[in-house]
Amino acid sequence: MSNILECRSLSFNYGDGNSKTSVLKNLDFRVKTEERIAIIGQSGCGKSTLLNLLAGLDMPSQGEVLIDNKNIANMKERQRTELRAKNLGFVYQFHHLLKDFSAIYNTALPLLINDFDKNEALTKAENILKKVGLESRTNHKPSELSGGERQRVAIARAMITEPACLLADEPTGNLDERNAKDILDLIIELNSNQHTALLIVTHDLSIANKMSRQLELTDGHLNER
Ligand SMILES: Nc1ncnc2c1ncn2[C@@H]1O[C@H](COP(=O)(O)OP(=O)(O)O)[C@@H](O)[C@H]1O
Ligand SMILES: [Mg+2]
């Protein structure tokens with residue numbers, strides 16, 4: 001299996017001098033094709049910081065990040081954006097859907113902003129909304145959907161580009177227990193059916209236990225559990 005994401009001797013600090021906070025210390029870590037990984041840790045330990053670095057949304061203080069075996073350090077922002085769009089999908093705790101757009105347009109957005117044929121994009125969005133159980137909600141706007149349904153649209157939007165790896169930051173953190181379980185099952189199902197690797201950040205051990213590998217982030221270090 002090849003690596004989709006990799007970091008080498010990765011460190012990250014906020015601030016410098018007296019106000020320097022060292023959040024991540026010398027991490028070495030890989031995500032392989034179709035792998036299913038949980039990163040757990042207390043609130044504030046640096047989980048979101050790590051995901052942002054792995055996605056190339058932030059740059060490390062030290063060390064390297066490779067997406068699809070390509071070192072992103074010396075790339076132009078545009079190349080980095082393309083590499084990210086081609087390989088990674090994102091789901092966050094809050095859905096970040098555009099409020100004036102219906103579910104189908106929110107889902108199709110990653111394709112539409114890349115000049116994908118509009119009709120093809122909408123057909124694809126319709127199909128993937130069916131997969132996440134929202135075929136009867138395609139024309140609803142976020143305000144007309146429940147919390148669980150909004151998160152399903154966010155997952156559909158992340159999956160429409162068929163990413164090699166889905167990065168999920170507390171994806172069920174905002175949902176009740178029932179919806180949280182359904183959303184997690186859906187993410188795992190998509191991971192199996194579409195052969196997408198999964199890196200899920202959570203402080204919920206019941207979620208972490210459903211992943212094949214669990215890593216714990218404490219004091220800036222990442223350890224297998
Ligand atoms: N922009 C920032 N400037 C300074 N410190 C920050 C900033 N963003 C986050 N932090 C600090 O970095 C640490 C890690 O934050 P974060 O990655 O969001 O943690 P987690 O996702 O595990 O809750 C926290 O102590 C937080 O207060
Ligand atoms: Mg966080």
Side-chain angles (χ1 to χ4, degrees), residues 4-31 35-67 72-73 77 80-81 84 88-97 147-148 150-155 157-159 163 165-177 179-181 183-184 186-188 191 196-211 213-225:
I4 295 162
L5 277 179
E6 182 174 359
C7 63
R8 299 177 182 161
S9 311
L10 178 78
S11 297
F12 188 79
N13 318 313
Y14 284 112
D16 48 26
N18 284 340
S19 67
K20 177 170 146 180
T21 320
S22 176
V23 181
L24 304 172
K25 300 170 187 164
N26 214 15
L27 303 189
D28 286 286
F29 164 65
R30 278 175 212 93
V31 183
E35 228 180 351
R36 203 187 281 176
I37 303 176
I39 293 181
I40 58 166
Q42 302 282 322
S43 178
C45 72
K47 303 183 295 300
S48 296
T49 304
L50 177 57
L51 276 199
N52 286 342
L53 291 167
L54 290 173
L57 294 166
D58 265 327
M59 296 313 272
S61 306
Q62 263 140 36
E64 296 171 344
V65 170
L66 290 85
I67 301 176
I72 64 171
E77 185 54 43
R80 229 181 344 255
T81 304
R84 187 188 303 129
L88 306 177
F90 298 89
V91 179
Y92 299 95
Q93 179 172 356
F94 301 99
H95 54 80
H96 297 300
L97 298 175
R150 282 177 212 151
Q151 206 58 335
R152 281 172 194 274
V153 179
I155 292 169
R157 178 186 54 187
M159 298 301 292
C165 183
L166 182 71
L167 301 175
D169 194 349
E170 310 268 8
T172 63
N174 222 15
L175 301 175
D176 60 51
E177 208 175 316
N179 273 300
K181 189 188 170 297
I183 288 294
L184 184 67
L186 174 66
I187 289 176
I188 291 175
N191 152 265
T196 308
L198 182 56
L199 181 60
I200 190 162
V201 157
T202 181
H203 56 257
D204 183 338
L205 284 178
S206 67
I207 292 179
N209 287 335
K210 292 195 176 172
M211 303 296 128
R213 238 176 112 196
Q214 288 116 24
L215 300 161
E216 188 160 12
L217 186 59
T218 24
D219 300 328
H221 299 285
L222 205 50
N223 298 302
E224 301 275 346
R225 290 186 83 236

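Indexing begins at 1, ligand by ligand and atom by atom, following the structure's order. Not measured: the values here are computed from a predicted model.
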A.B. asks: Take Leu97 and Arg157 through the test side chain to side chain contact (heavy atoms under 4.5 Å, CB included) and record every step on the way to the result.
C.D. replies: CA-CA 9 Å; Leu97 298 175; Arg157 178 186 54 187; 3.7 Å; yes
A.B. asks: Look up atom 26 (C) of ligand 1 and tell me if a protein heavy atom lies less than 4.0 Å from it?
C.D. replies: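 False for atom 26 (C) of ligand 1.
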A.B. asks: Looking at atom 24 (C) of ligand 1, what's its closest protein heavy atom, distance included?
C.D. replies: Gly44 O, 3.3 Å
A.B. asks: Run the numbers on Cys7 and Leu54 for side chain to side chain contact (heavy atoms under 4.5 Å, CB included), then give the verdict.
C.D. replies: CA-CA 7 Å; Cys7 63; Leu54 290 173; 4.0 Å; yes
A.B. asks: Can you check side chain to side chain contact (heavy atoms under 4.5 Å, CB included) on Met211 and Ile37, steps first, answer last?
C.D. replies: CA-CA 5 Å; Met211 303 296 128; Ile37 303 176; 5.8 Å; no
A.B. asks: Looking at ligand 1, does any of its N/O atoms fall within less than 3.5 Å of an N/O of Val23?
C.D. replies: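 Among all N and O atoms of Val23, none is under 3.5 Å from an N or O of ligand 1.
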A.B. asks: In the protein, what heavy atom is nearest to atom 18 (O) of ligand 1, and what distance, to one decimal place, separates them?
C.D. replies: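 Looking at atom 18 (O) of ligand 1, the protein heavy atom closest to it is Ser48 CB, 3.9 Å.
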A.B. asks: Are any of the protein's heavy atoms under 4.0 angstrom from atom 21 (O) of ligand 1, yes or no?
C.D. replies: yes
A.B. asks: Where do Asn209 and Gln214 come nearest, in terms of heavy atoms and distance?
C.D. replies: CA-NE2, 3.5 Å
A.B. asks: Among residues at least two apart in sequence or on other chains, which ones pass side-chain contact (heavy atoms from CB on, under 4.5 Å) with Gln42?
C.D. replies: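 side-chain contact (heavy atoms from CB on, under 4.5 Å) list for Gln42, sorted by chain: empty.
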A.B. asks: Atom CG of residue position Asp16 - does it have more than 12 heavy atoms of other residues, nucleotides or ligands inside 6.0 Å?
C.D. replies: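 No, the 6.0 Å shell around CG holds no more than 12 heavy atoms from other groups.
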A.B. asks: Could you list the atoms of ligand 1 found under 4.0 angstrom from a heavy atom of Thr49?
C.D. replies: 14 (C), 15 (O), 16 (P), 17 (O)
A.B. asks: Aromatic rings Tyr92 and Phe90: how do their planes relate, parallel, tilted or perpendicular, breaks at 30° and 60°?
C.D. replies: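 The rings of Tyr92 and Phe90 lie parallel, inter-plane angle below 30°.
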A.B. asks: Measure across Pro171 and Ala168 and return the closest heavy-atom pair with its distance rounded to 0.1 Å.
C.D. replies: CG-CB, 3.8 Å
A.B. asks: About how many Å separate CD1 of Ile40 and CD1 of Ile200, when rounded to the nearest 0.5 Å?
C.D. replies: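 It is 12.5 Å, given to the nearest 0.5 Å.
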A.B. asks: Of the protein's non-hydrogen atoms, which lies at the shortest distance from atom 12 (O) of ligand 1, and what is that distance?
C.D. replies: Tyr14 CE1, 3.2 Å
A.B. asks: In terms of heavy-atom contacts, does CD of Glu77 have more than 12 from other residues, nucleotides or ligands at under 6.0 Å?
C.D. replies: yes
A.B. asks: I need the nearest protein heavy-atom contact for atom 19 (O) of ligand 1: residue, atom name and distance, please.
C.D. replies: Gly46 N, 3.2 Å
A.B. asks: Restricting to under 2.8 Å, identify the protein N, O or S atoms around the Mg ion (ligand 2) as residue plus atom.
C.D. replies: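 Result, waters dropped: Ser48 OG.
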